[in-house]
Amino acid sequence: MELFSRADRADDASLVAGFALGDEQAAVAFVRRFQDAVYGLALSVTVTPHWRRT
């Protein structure tokens with residue numbers, strides 16, 4: 001079993017195309033690639049300033 005598939009090395013456009021076609025490996029690679037950025041954006045939008053730790 002491979003830890004990372006070929007999809008992990010694909011460019012962003014290829015991942016989106018594979019994701020749209022239902023390619024599970026492309027979907028997993030897409031989530032891995034962008035999960036931190038999306039999570040950070042969600043936190044910056046939803047967390048009120050007094051909840052943030054300094």
In a table with atom names and distances, give each donor-acceptor pair under 3.5 Å that connects a side chain of residues 19-29 to protein atoms at least two apart or in another chain.
{"from": "Asp23", "atom 1": "OD1", "to": "Gln25", "atom 2": "N", "distance (Å)": "2.9"}
{"from": "Asp23", "atom 1": "OD1", "to": "Ala26", "atom 2": "N", "distance (Å)": "3.2"}

Checklist line | Approximate separation, where rounding is to 0.5 Å, of Leu41 CG and Thr46 OG1 | finding: 9.0 Å
Checklist line | Partners meeting side-chain contact (heavy atoms from CB on, under 4.5 Å) with Asp12 (sequence neighbours left out) | finding: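 Checked Asp12 against side-chain contact (heavy atoms from CB on, under 4.5 Å); matches are Arg33, Phe34.
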Checklist line | Sequence-distant partners of Asp11, salt bridge (Lys or Arg N to Asp or Glu O under 4.0 Å), two or more places apart | finding: none
Note to self: Which heavy atom of Val16 sits nearest to which heavy atom of Phe30, and what is that distance?
What the structure shows: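 Minimum heavy-atom separation between Val16 and Phe30: CG2-CE1, 3.7 Å.
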